[in-house]
Amino acid sequence: MDSKLIKKTDVLVIGCGIAGASAALEAAKCGLRVVVITKHSEPQESNTYYAQGGIVSLGPNDHPELLKNDIIQTGDGINNPEAVDILAEEGKSLVDSILIKELNIQFSRSSPEALDYAQEAGHTRRRILHIKDTTGQTIEERFIQTLQSYSNVTFLTGHTAVDLLTVPHHSKNPVSFYREPQCIGAYVLDNHAQKVKTIFAPCTILATGGCGAVFLYTSNPKGAIGDGYAMAYRAGARLVNMEYIQFHPTSLFHRDADGFLISETVRGEGARLKTREGRTFMDNYKMKEMAPRDEVTRAIYEEMTNSNSNYVYLDLASCAKVDIKKRFPNIYKTCREYGIDITKEPIPVVPAAHYCCGGIMVDVWGESSLKGLYSVGEVSCTGLHGANRLASTSLLEGLVWGVRTAKRIASRFDPKTSHKPSDIHEWYYPKKEEEIDPALINQDWLSIKSTMWNYAGIIRTTKRLERARADLDYLRHRIEKFYREATMEPKVVGLKHGIQVAQLITYAALGNPVSRGAHFIKN
Ligand code: SIN
């Protein structure tokens with residue numbers, strides 16, 4: 001094996017949104033050597049960076065029991081009670097100790113003495129801490145700056161995880177088949193050099209975020225194609241609840257806006273949903289505009305279908321309880337760029353794929369069913385969200401499980417490993433690599449995304465899902481062949497991951513005939 005292509009570390013963290021970053025930080029504080037990889041050239045590029053709404057804490061007149069109730073109500077009762085307890089009991093103190101004290105994050109204030117708490121759908125209290133409407137950006141930047149000050153943390157940007165390294169699967173030693181399967185690191189593509197490195201680590205943490213970008217319309221950044229789900233699945237880890245894909249009710253409807261999110265905190269500050277004729281339509285719901293996301297999304301979908309329209313309106317201009325430009329500077333600025341003045345006119349909005357409530361099944365310490373593999377944040381499934389996630393709980397889940405998982409790893413860390421690099425297969429490159437035709441990749445992605453949106457989207461039926469399964473199975477066969485013959489490039493790796501994630505969602509949806517939370521199936 002070429003020694004330049006081998007790296008050893010104690011902990012390998014794949015992805016560095018809030019979940020990966022907090023795991024890396026805690027592991028570094030415990031004295032472990034940490035390698036953080038991200039496929040992006042900028043380390044802060046992640047779903048976290050784009051989070052507008054905020055992070056759940058506990059507001060005035062609030063209590064962990066009230067938060068637990070809201071999480072379970074929104075999750076349609078199938079949440080993991082242990083995970084709900086942990087988040088509600090431990091979350092606020094980690095926000096205080098890590099975000100506010102250690103990272104010195106200045107959350108918005110309603111007065112010099114008091115923090116400002118926002119409200120979002122499904123919450124019975126105002127309890128969401130925010131930094132105007134760019135919460136995730138500030139949190140992410142502070143995490144990255146802090147991590148870069150640790151000498152035992154190495155960042156590998158522009159490195160795409162290709163496959164988890166598992167024994168016995170990648171072992172040259174036939175006797176290893178008699179051992180318990182174990183993850184011992186990952187094969188990682190250096191995007192620039194187009195070479196696959198082998199990173200050995202007794203503990204690997206997958207923190208690759210979600211998979212909204214396998215749908216045609218999404219609030220997620222382009223890179224959110226679910227790499228972690230696909231790699232964990234191939235490595236044999238258990239995945240659950242993949243059918244529960246949450247759609248955000250309000251992304252900006254504009255040809256060039258790329259799913260720009262209009263935060264639910266906008267409705268929390270008074271905005272109302274209206275048809276294009278100006279009729280409100282959430283009045284019959286118990287929590288009106290503040291109903292859980294799945295209900296609001298379906299109400300919008302129904303209004304759009306009945307009126308044969310591509311969007312509805314979100315009217316903040318005539319209902320706002322706040323100074324719009326001060327409270328939502330980023331939304332104001334972005335909408336202005338698209339010719340919409342949100343202080344004067346309603347915002348055209350449409351639902352978009354937003355969050356995967358399922359994922360790699362982990363216990364309350366972030367440990368998956370595969371030895372040596374941990375997972376945190378959206379790609380994991382602690383069971384916290386049940387069938388539907390309560391707004392603004394995802395950043396907190398990332399923080400809580402990032403810290404817990406790293407603590408667990410540090411408390412049981414054993415640097416001894418029985419696996420030597422020489423026992424492991426080097427990455428296989430095809431003898432004659434095929435040039436990549438971008439038109440093929442673009443068309444394959446278009447097929448995946450439109451199949452998912454039309455057949456496995458907001459309203460599903462068995463017929464639509466069966467059609468999706470057939471189309472995706474065929475496409476998978478084509479993509480696998482292409483993958484085996486093509487030059488190793490991030491685009492090719494992404495396509496292989498993306499098709500597999502689309503299949504995971506579709507198969508899970510077909511296997512669950514019960515409509516619940518974010519999985520709505522009509523037959
Ligand atoms: C939003 O601001 O509406 C999104 C927050 C979330 O998805 O948790």
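Every number for a ligand or one of its atoms is a count from 1 in the order of the listing. This is a predicted model, so every value here is computed, not measured.
Within a 6.0 Å radius of NZ in K274, other residues, nucleotides and ligands contribute more than 12 heavy atoms.
A side-chain donor from one of S394 and R389 sits under 3.5 Å from a side-chain acceptor of the other. No donor-acceptor contact under 3.5 angstrom links the side chains of D133 and Y332, judged on distance only.
Taking Y507 as the reference, R469, D473, Q503 meet the side chain to side chain contact (heavy atoms under 4.5 Å, CB included) condition, with sequence neighbours excluded.
For ligand 1, the 4.0 Å heavy-atom shell takes in G53, E120, H248, L261, S263, E264, R293, H354, R389, A391, S392, ordered by chain and residue number.
None of R279, R276, R298 except one satisfies the salt bridge (Lys or Arg N to Asp or Glu O under 4.0 Å) rule with E303; the exception is R279.
Between R125 and D70, no side-chain nitrogen of the basic residue sits less than 4.0 Å from a carboxylate oxygen of the acidic one, so the salt-bridge criterion is not met.
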